[in-house]
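For reference, the structure discussed in these notes is given below.
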Amino acid sequence: MISDNPIADFRSECGALLKRAIEKVCPGETPERVIFERPPVWEYGQLASSICFELARKLGEKPINLAGRLVEAADKSVFPLVEDVVAAGGGYINFHINFANFSRLTLESVRQLDNDYGSVKVDKPLKIIVEHTSVNPLHPIHIGQARNPVLGDSLARMLKHRGHTVYCHYYVDDVGRQTAVVAYGYDKLGRPAPAEKPDHFIGKIYTITSCLVEIKRLKRELERTKTTSDDEQTARLNRELDEWVGIAFELRSKYPELFEKLLQGIEKDTDPEKSINQLNRAYENGEKDAKQLIREVSRLCLGGFMETLKRAGVFHDSWDWESDLVWSGMVSAILEELKQTPFTQRLGGVLEFDAEKAVNMLGIREKLGLKKDYAVPSLTLVRADGTTLYTTRDIAYTLWKFKKADKCVNVIGMEQSLAQLQLKIALYALGFHRQADNLVHFAYNLVTLPGYKMSSRRGRYISFDEVMDEAVKRAYEEVSKRSPQMPEEDKIRVAEIVGIGAVRYALVEVDPAKPVEFNWDRVINFEKNSGPYIQYTHARACSILRKAGKKPEKPAYELLKERLEREIVLALADLPQVCIEAAELLKPSLIAEYANNLADKFNTFYNAYPVIKAQPPELSDARLALVDAVRIVLRNALDLLGIVAPEKM
RNA sequence: GGGCCCGUGGCCAAGUAUGGAUCAAGGCGCCGGCCUCCGGAGCCGGAGAACGUGGGUUCAAAUCCCACCGGGCCCGCCA
């Protein structure tokens, strides 16, 4: 007999047993649902119920007495997974597992289900779009943003594993001033083919161009303030100018050739600011030249992203261009619909969406969890020059996504919380309640650099590529040191797996709500509580199985009597439950924590007991089955995090 | 000023959704140990905590409620 969720089987036996006992002892008090928890120490069993605390109050009895009577009345003979039921503490009922049966059930289930173990499908699968990464095509993906693809990809894997149909979408934000800036610079250079990884090349152009344009703008403004003689204003502008001149100096020494070329190109333009705005408008209008130029730059950059993401094991099913939404008329159609609602108004030439009014009139304040007297800021939908804003376009994009999916998870930085809220309110305002209800903003906090904030506009960032390079380099040194006999090409392959594993684990292990201060030792950790530690444990298990040179022939599961062995069996049985929780709560960190705990237990076991040489052979076989199950579970858990489990390292 | 998020040993951090039984996990760092035996990226032991502060709810609070303090983010005709 096998089970896709052994611990749930045990729990339902406990539930049935408890219900029957309650019926006998206090008829009419049978609860609909009994909640079980894991007792704090091993001696208290594997599952416990605190139901007597509530029940006893109703009956005017001491909880522990009631627990005693229930245990007395319990008949465990018909429940093969229940070894013992005990009243304990102030009124707990503790359930002990029958390990002879439970170990067999668990180990055989894991080994037979193999890749599928851990996956419990939902009854009603949904079509879910996970939008993630969506880094603007202006510069390489930096480590602050890298949290996004890693989280998004793991979420997608977890949801698929739950039986949903998942599509990963990348929203290419090619509409907006910033893209025009980089395209403008690229054009001034004569649209060269990059001699390096394209996103890095584009990143340099972006930084230098915005810097030069900014300086030029500030100088012009200073000229203007001279006539007005506003001292405070002049001082402020001078400070800003000083900062940018400093950045320019930095950039010039880092990239002298590129800097000079761009400087020459931009010098000739009397008003770069104006040219950029023109380009932006032309692109939004779908004019041929602008389209050609901006698409070319964006595609170059995305090519670099694809390389980076592929290396990290992150995949997308669809690349959605924001500009397509504008050109196809979808955005203006939505705007027309919004204008029909009572929530938009013209204010000094711009179109505003009154989110506060919408919240009040639609009565959705409580549903959105907003405080009574919090006034939701209004949202500008259309600029005075007729161009749209990011969130406006996002409304159209979201509705487009909902044509294909029942639910949308947006992996987007916490700093966009307000915009995401306004977006959701706009959906309600348009009458798309089902869509709004199923729109999830999965927010994550920033990764900061010690000392300063990452700023792509100022060229201050550590790229995801650099981090992976460094991690793989260090992993290679480590592999060479520990497995000098390994063939060179294996070393290279393994170093790649281990280095990337370290980075992915580090980014997914911490609660995404918390800000993370970047440091190399955190991201490239090969010791306990790291991706490589779990990978190592997996390789160790593989090694034992290799050395054993045989399958477990006649395992006697009842011989697994050591507490550690039983703790491992229990941990193995937990995987399906952990996967369910992690997917429902959108918490990849639960998987990471789980795998790390299992690895800890396994290493302790490994150190304490022989497997191959254990006597009698039936025990050795049972332990081999245990090792095999650990191998499978670690591999499956790592897979949900997008981390490869090597057999040797 | 308003909103959201975070606050747990020297440092990093789990646990907070669904309040419970013990020494409040674990890691880094520090101190002391480990097999000529299945991989030492490991294992064992030790020291180290007012769970930001103050109230409240409860038989029971790191967990729920209120106030306050500290940090981050947001409140743009940027994205």
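Order of the sequence lines sets the chain letters (A, B, ...), proteins ahead of strands, with each chain counted from 1. Source: prediction; values computed, not measured.
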Contact under 4.0 Å: [X] side-chain N or O vs [N] OP1/OP2:
X        : N      : value
A:Lys547 : B:rG39 : yes
A:Tyr390 : B:rC77 : no
A:Lys62  : B:rC59 : no
A:Tyr533 : B:rC43 : yes
A:Ser483 : B:rG39 : no
A:Lys528 : B:rC43 : yes

Rounding to a whole Å, what distance do you find between [X]:[atom1] and [N]:[atom2]?
X        : N      : atom1 : atom2 : value
A:Glu356 : B:rG2  : CD    : P     : 16 Å
A:Lys371 : B:rA67 : NZ    : P     : 6 Å
A:Asn94  : B:rG20 : CG    : P     : 15 Å

Base, sugar-phosphate, or nothing: which does [X] touch, judged by heavy atoms less than 4.0 Å apart?
X        : answer
A:Ala375 : nothing
A:Arg474 : nothing
A:Glu581 : base
A:Ala48  : base
A:Ala384 : base
A:Val479 : base
A:Pro39  : base
A:Lys648 : base
A:Gln178 : sugar-phosphate

- Message: Under 5.5 Å centre to centre and under 30° between planes: does that hold for A:Tyr374 and the six-membered base ring of B:rG2?
- Response: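 Given the distance and angle limits, no, they do not stack.
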- Using the six-membered ring wherever Trp is involved, compare the ring planes of A:Tyr171 and A:Tyr390 and label them parallel, tilted or perpendicular (cut-offs 30° and 60°).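 A:Tyr171 vs A:Tyr390 ring planes: tilted.
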- Message: How long is the straight-line distance from CG of A:Leu302 back to CG of A:Asp199, given to the nearest 0.5 Å?
- Response: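 The CG atom of A:Leu302 is 9.0 Å from CG of A:Asp199, to the nearest 0.5 Å.
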One thing to verify: whether [Y] and [X] come together as a salt bridge, which I'm taking to mean a side-chain N less than 4.0 angstrom from a carboxylate O.
X        : Y        : value
A:Asp373 : A:Arg365 : no
A:Arg217 : A:Glu214 : yes
A:Glu565 : A:Arg623 : yes

- Item | Which residue lies more 5' along RNA chain B, comparing A:Thr537 with A:Asn529 via nearest heavy atoms | A:Asn529
